[in-house]
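Note: hydrogens, waters and symmetry copies are ignored here, and every other heavy atom, side chains too, is used.
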Amino acid sequence: MKGSLIILAFFAVGVLSGLWDIIPSDLLKDEWNTYVLYVLMFFVGITIGYDRELLLSLKKVNLNIVLVPLGTIVGTLLGTLILSLVMQDWSASESMAVGSGFGYYSLSSIFITQYKGVALGTIALMSNLMRELIALLTAPLSRRWFGPLAPISVAGATSMDTALPIITQYAGKNYVVIAIVHGIIVDLSVPFLVTFFCYL
């Protein structure tokens, strides 16, 4: 929760900085988004590769565990497709591109801003931030109403990092490995799915 509020605060400071022309325009060229994206992907790779315990636990996992992230991906894309039917300003592919962020706001918003513009990129940032906040705030209810896998699915890509403590608390320690595998698979799908739907 605290991490999400910090991100939201940085976003607000960024908006105000843009409104008040605090940062020189030369520093705001489009290429910087690409460089930041490369750095983010590099650090995601380091995080996964560096965690030896995670790699060992993944070797012991049953392949049926893959059904959880697949369910999250299919459910999210289906939900955004249905929502796009009542949204007039954005096409189905644009709505699905936003949904394909799965809570990974930093990566998806940079991609979408690059391919579709600032307006949709901002929507992607806010909707994915909201997904993380909803995951953190509703974990006890989703666990009670839909079972222990629900908080994992709602968290999307954040199930392996920021939402993991709350998932552990409400779903139980037995679901930690599932949450981590879920987060990794959903995380890795983000650049491919966002790019795919942006190009449709």
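- A distance-only check finds a donor-acceptor pair linking the side chain of S127 to the backbone of A124 [under 3.5 Å].
- Summarising the local packing, CE of M130 is surrounded by 12 or fewer heavy atoms from other residues, nucleotides or ligands at distances under 6.0 Å.
- Taking CE of M126 as the reference point, atom OG1 of T122 lies at 9.0 Å (rounded to 0.5 Å).
- Among all heavy-atom pairs drawn from V186 and G156, the shortest one is CG1-C, 4.0 Å.
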Test side chain to side chain contact (heavy atoms under 4.5 Å, CB included) on L81 and L77 and set out the steps. CA-CA 6 Å; L81 177 63; L77 294 179; over 6 Å; no
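- Listed here is the closest heavy atom pair of L164 and S159: CD1-O, 3.4 Å.
- Residues N128 and Y104 come closest through the heavy atom pair OD1-N, 4.1 Å.
- The side-chain heavy atoms of S189 and F102, taken from C-beta on, include a pair separated by under 4.5 Å.
- A distance of 4.5 Å separates OG of S109 from CG of L125, quoted to the nearest 0.5 Å.
- In the hydrophobic clustering of this structure, V154 does not group with V68; members are Ile, Leu, Val, Met, Phe, Trp, Tyr whose side-chain heavy atoms approach within less than 4.5 Å, directly or through other members.
- The heavy-atom pair separating F197 from S100 by the smallest distance is CD1-OG, 3.3 Å.
- Side-chain atoms of E94 come within 3.5 Å of backbone N or O of S91 as a donor-acceptor pair.
- With sequence neighbours excluded, the residues that form a ring-ring contact (aromatic ring centres under 6.0 Å, His included) with Y199 are Y115.
- For the atom pair M160 CE and I152 CD1, the distance stands at 14.0 Å (nearest 0.5 Å).
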Side chain to side chain contact (heavy atoms under 4.5 Å, CB included) between V176 and I167: does it pass, once the steps are laid out? CA-CA 8 Å; V176 169; I167 288 169; over 6 Å; no
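- The NE2 atom of H182 sits 11.5 Å away from the CD1 atom of I184 when rounded to the nearest 0.5 Å.
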Contacts table for residues 135-150: side-chain donor-acceptor under 3.5 angstrom, sequence neighbours left out:
from, atom 1, to, atom 2, distance (Å)
T138, OG1, I134, O, 2.6
S142, OG, T138, O, 3.2
S142, OG, A139, O, 3.1
R143, NE, Y170, O, 3.2

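- Note that CG of L193 is 10.0 Å distant from OG1 of T76, once rounded to the nearest 0.5 Å.
- Under a hydrophobic clustering in which Ile, Leu, Val, Met, Phe, Trp and Tyr are joined whenever their side-chain heavy atoms come within less than 4.5 Å, directly or via other members, L120 and L200 fall into the same cluster.
- At a cut-off of 3.5 Å, with distance as the only test, no side-chain donor of R131 or T158 sits close to an acceptor on the other residue.
- Across all non-hydrogen atoms, the minimal contact from V190 to G101 is CG2-O, 3.6 Å.
- Closest of all the heavy-atom pairs between I112 and A97 is CD1-O, 3.5 Å.
- Atom-to-atom distance recorded for I123:CD1 and T113:OG1 is 10.5 Å, nearest 0.5 angstrom.
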Evaluate the side chain to side chain contact (heavy atoms under 4.5 Å, CB included) criterion for residues W90 and V98: first the C-alpha distance (whole Å), next the side-chain angles of each, then the deciding distance (0.1 Å), finally the verdict. CA-CA 10 Å; W90 307 105; V98 170; over 6 Å; no
Hey, mind stepping through T80 and S95 against side chain to side chain donor-acceptor pair (under 3.5 Å) and telling me if it holds? CA-CA 6 Å; T80 53; S95 297; over 6 Å; no
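- There is a path of hydrophobic side-chain contacts, each under 4.5 Å, that joins Y175 to V66.
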